[in-house]
Amino acid sequence: MALVKIELPDGSLREVAAGSTPYDIALSIGEGLARQSIAARFEDRLVDMSTALECSGRLALITQNAPEALEVLRHSSAHLMAHAVKSLYGDDVQVTIGPSIDTGFYYDFFSEKKTFAPEDFEAIEKKMAELAKQDLPITREEMSSAEAIELFRAMGENYKVELIEDLGETRVSLYRQGDFVDLCRGPHVPRTGLLKVYKLISVAGAYWRGSEKNAMLQRIYATAFSDKKQLKAHLARLEEAKKRDHRKLGRELDLFSFNEEAGAGLVIWHPKGALLRSLIEDFERKEHLKRGYDLVVGPQILKTELWKISGHYENYRENMYFTEVDEQGYGIKPMNCLAHMLVYKTKIRSYRDLPQRYFELGMVHRHEKSGVLHGLMRVRGFTQDDAHIICRPDQIDAEVKAVMQFVRDVAGIFGFEYCMELSTRPEKAIGSDADWEAATSALRSALDDSGQAYEVNEGDGAFYGPKIDVKLKDALDREWQCATIQCDFTMPERFDLTYVGADGEKHRPVMLHRVIVGSIERFIGILIEHYAGNFPLWISPVQAVVVNVTDKQAEYVKKVEAQLREAGIRVHADLRNEKLGFKIREAQMNKTPYMLVVGDREMEEGQVAPRFRDGTSLDPMTVEEFIRFAAEEVKSFH
RNA sequence: GCUCACAUAGCUCAGAUGGUAGAGCACAUCCUUGGUAAGGAUGAGGUCAUCGGUUCAAUUCCGAUUGUGAGCUCCA
């Protein structure tokens, strides 16, 4: 019998008969290990415990607690769920696919008769537990695609048939547990008994193969872990995320609202929210001026003809709002670039004048599909911190790097981690190869120099140029695009932007579209969740509330309020006829950074007694001392 | 836009097999002047999202619309 050499992670070598399985090897090490291992890694491939090893190689057993175990566990849990659904609803339901995802797994089902609802979860979970308890062996088998197609067709599993047909493989693998069989690459845990900790989360629609042209399937989201504690922690995280939800906090902190009669996706900013945004806008203007940008302002509507020249009418029409007055059509701007180019075109520009950096906090309107609207994160009217840098091709590199540094600075001030993506030339693209090459390498080198990891999305760029996207995460770990840098060769062409070069000839500049926080609305949504509503002092709409202990201090409190306001502190006095504890509680629930308590003692000494929103407090200090103290804190942020 | 679900007081939520509705918080008035997360009493508040249909009768059943949620697709 042929022998193969298996190298284990500790470097030891074992000679075993060819065709031995990871299970055999685990068993030879110890029964406990064999029982606890759910899969194995052979060379760089994940394999089943029952996979026959026919050649020499490195083998690592994956026990329940190994990092890779979770993916296998969840994938197997998806099968278990599909198994349960099939045995409960049988022929009414067809299975499709069910992968593991970051937070658990899902399985997509097709059914014309059965509509899944959360009320079904208990029954499905119960069935899953039953099937797990039977400890069914999960076995892999291979067969020719033709045989597999026949098998699934006989079962009425048309989606599986389609999958196999499209795979185009000669042989496919199937996994079987009891009377359930699924097309699958694997690997899987060896027995259903290993699947113990799972929970169904939600049900939602999803298109077959992700295309809106295809049938709508029913997706059941669920999660699975190797132990109950982790599941509990995961559910607790979801709870915490709910508490941080910017839609909930936005209402509780009285920042903004939406109104059914005003229209979906249109933000109504309340006094505190409007103050918060203007603080961020002030910050933005200051930071842009610091970095050599010029402030410009364009009109809210521009003639339809201009949108035809820009190509928006052709490519972006469905997302735009149009209006007509005096038989003249106008389009409400969905982007700010047009006016910026018109600023550029008012003069003849020399190569010495470049780059021109035009910055605008521009309010744009886009008719987003109704189903995508989501609090402040996805709205129909929003304000971009938008700039267009019109520069010579040889300046792209430096400009892109400066923008990246800008993004880094701002992310640092707010304490964000972020991830970046580079999107390259799509199939349908305009512009010369040399232009694309120059622009893409400029973006790439800026990314490389940033020292931060980034993903490359080949072919995902805009038709007019490549782009860098920066994504921030919300409380539920959903990623939202904020900053983006896009290279554009088209607009300068379409609008015939030129500059006079050193040679006296006209040349075509390049335009960089870029935003730093993206949309002020979205950014505030993310900020609310990031800080859980506890805004740092410098952007807190209300920085301090002065509370009196009894009516006796009312006059003094008003004086203190005036004094603080004079010093630029955003303050209000709470003189209501309520007990101190009541007012403290309310200020704390409003997440006010400082509560300044004033009783007879403070009044006599010309002091206030500061208390933080975390419940700790400082010794009483004079009003002047507090003003200095608060100013120091504000200054420390940026 | 698509699938499913939901819409009751400012907010969070009860409620009936079809006979026009409640709680807590918030709000108002009064009492209370109380030192760091809720003092007490009384009161006001709803065409049960909108429009249509079925019915003797609809907030409840059906349909459409609007809005919201989870997700898909798309995007800042």
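None of the values given here were measured: they were computed from a predicted structure.
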Might you list the N or O atoms of the protein lying below 3.5 Å from N or O atoms in nucleotides 36-38 of chain B, with each pair's distance?
residue	atom	partner	partner atom	Å
B/rU36	O2	A/Arg611	NE	2.8
B/rA37	OP2	A/Arg611	NH2	3.0
B/rA37	N7	A/Gln588	NE2	3.3
B/rA37	N6	A/Gln588	NE2	3.0
B/rA38	N7	A/Arg585	NE	3.2
B/rA38	N7	A/Arg585	NH2	3.3
B/rA38	N6	A/Arg585	NH2	2.5
B/rA38	N1	A/Arg585	NH1	3.2
B/rA38	N1	A/Arg585	NH2	3.4
B/rA38	N3	A/Arg585	NH1	3.4

Under-3.5 Å donor-acceptor pair between [X] side chain and [N] base:
X: A/Arg251; N: B/rC11; result: no
X: A/Tyr207; N: B/rG1; result: yes
X: A/Arg219; N: B/rC4; result: no

Rounded distance in Å - [atom1] ([X]) to [atom2] ([N]):
X: A/Asn548; N: B/rG34; atom1: CG; atom2: P; result: 12 Å
X: A/Leu376; N: B/rU68; atom1: CG; atom2: P; result: 12 Å
X: A/Leu217; N: B/rC2; atom1: CG; atom2: C1'; result: 12 Å
X: A/Lys242; N: B/rA70; atom1: NZ; atom2: P; result: 10 Å
X: A/Ile101; N: B/rA70; atom1: CD1; atom2: C1'; result: 13 Å
X: A/Leu575; N: B/rU33; atom1: CG; atom2: C1'; result: 14 Å
X: A/Leu373; N: B/rG69; atom1: CG; atom2: P; result: 8 Å
X: A/Asp245; N: B/rU12; atom1: CG; atom2: C1'; result: 15 Å

Are A/Lys558 and A/Glu561 within salt-bridge range, i.e. N to O under 4.0 Å?
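The answer is no: the pair does not qualify as a salt bridge.
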Tell me whether A/Glu605 is salt-bridged to A/Arg601, with the criterion being a basic N under 4.0 Å from an acidic carboxylate O.
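A salt bridge is absent here (no side-chain N lies under 4.0 Å from a carboxylate O).
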Looking for any heavy atom pair under 4.0 Å, which part of the strands does [X] touch: base, sugar-phosphate only, or nothing?
X: A/Glu368; value: base
X: A/Val517; value: nothing
X: A/Asp600; value: base
X: A/Val515; value: nothing

Looking only at atom [atom1], what distance separates [N] and [M], rounded to whole Å?
N: B/rU66; M: B/rA76; atom1: C1'; answer: 26 Å
N: B/rG18; M: B/rC61; atom1: C1'; answer: 8 Å
N: B/rA64; M: B/rC25; atom1: C1'; answer: 36 Å
N: B/rG34; M: B/rG46; atom1: P; answer: 39 Å
N: B/rA28; M: B/rU36; atom1: P; answer: 25 Å
N: B/rC27; M: B/rG1; atom1: P; answer: 39 Å
N: B/rA14; M: B/rG35; atom1: P; answer: 39 Å
N: B/rU50; M: B/rC11; atom1: P; answer: 15 Å

Side chain to side chain contact (heavy atoms under 4.5 Å, CB included) partner of A/Met595, chosen from A/Val608, A/Ile584, A/Asp574
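For A/Met595, the side chain to side chain contact (heavy atoms under 4.5 Å, CB included) test succeeds with only one of A/Val608, A/Ile584, A/Asp574, which is A/Ile584.
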With Watson-Crick and G-U wobble geometry limited to distances under 3.5 Å, how should the secondary structure of RNA chain B be encoded in dot-bracket form, using | for bases paired to another strand and [ ] for crossing pairs?
(((((((..((((.....[..)))).(((((.......))))).....(((((..]....))))))))))))....
Where the side chain of [X] is defined as all heavy atoms beyond and including C-beta, which of [options] is the nearest nucleotide?
X: A/Thr550; options: B/rU33, B/rA76, B/rA70; answer: B/rU33
X: A/Ser202; options: B/rU73, B/rA70, B/rA76; answer: B/rA70
X: A/Thr115; options: B/rC4, B/rU33, B/rG1; answer: B/rC4
X: A/Glu212; options: B/rA76, B/rU33, B/rU73; answer: B/rU73
X: A/Met216; options: B/rU73, B/rA76, B/rG71; answer: B/rG71
X: A/Tyr221; options: B/rG1, B/rA76, B/rG71; answer: B/rG71

Aromatic centroids of A/Phe116 and A/Tyr89 separated by under 6.0 Å
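Ring centres of A/Phe116 and A/Tyr89 closer than 6.0 Å.
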Can you check whether A/Phe110 and A/Trp208 have ring centres sitting under 6.0 Å from each other?
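No: the rings miss the under 6.0 Å criterion.
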Can a donor-acceptor pair be found between the side chains of A/Asn590 and A/Thr592 at a distance below 3.5 Å?
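No, A/Thr592 and A/Asn590 have no side-chain donor paired with an acceptor closer than 3.5 Å.
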Shortest non-hydrogen contact between A/Lys583 and A/Leu575, atoms and distance
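Minimum heavy-atom separation between A/Lys583 and A/Leu575: NZ-C, 3.8 Å.
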For A/Tyr106 versus A/Met81, what's the shortest heavy-atom pair and its separation?
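That would be C-CE, 4.4 Å.
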Parallel, tilted or perpendicular: ring planes of A/His312 versus A/Trp307, cut at 30 and 60 degrees
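Perpendicular.
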Upstream residue (5' side of RNA chain B) when A/Arg576 and A/Gly518 are each assigned their closest nucleotide:
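It is A/Arg576 whose nearest nucleotide is closer to the 5' end.
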Along RNA chain B (nearest heavy atom to each residue), the more 5'-positioned of A/Phe116 and A/Lys552:
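Its nearest nucleotide being more 5', the pick is A/Phe116.
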For [N] and [X] - does any side-chain N or O of the residue sit under 4.0 Å from the phosphate oxygens OP1/OP2?
X: A/Arg247; N: B/rG69; result: yes
X: A/Ser211; N: B/rU73; result: no
X: A/His367; N: B/rG1; result: no

Is the Lys NZ or Arg CZ of A/Arg74 less than 6.0 Å from the centre of A/Phe105's six-membered ring, within 45° of the axis?
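Ring-cation test returns no.
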If you define the side chain from C-beta out and look only at heavy atoms, does anything of A/Asp488 sit under 4.5 Å from A/Gln486?
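No. Closest side-chain heavy atoms not under 4.5 Å.
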In terms of base orientation, is B/rG35 syn or anti, with the syn window spanning 90° either side of 0?
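Chi for B/rG35 falls in the anti range.
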What pairs with A/Glu284 under salt bridge (charged side-chain N to carboxylate O under 4.0 Å, His left out), at least two apart in sequence or on another chain?
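Partners of A/Glu284 by the salt bridge (charged side-chain N to carboxylate O under 4.0 Å, His left out) criterion come out as none, since no residue qualifies.
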Under 3.5 Å, side chain of A/Glu360 to main-chain N/O of A/Gly298, donor-acceptor pair present?
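Here the side-chain-to-backbone pair exists.
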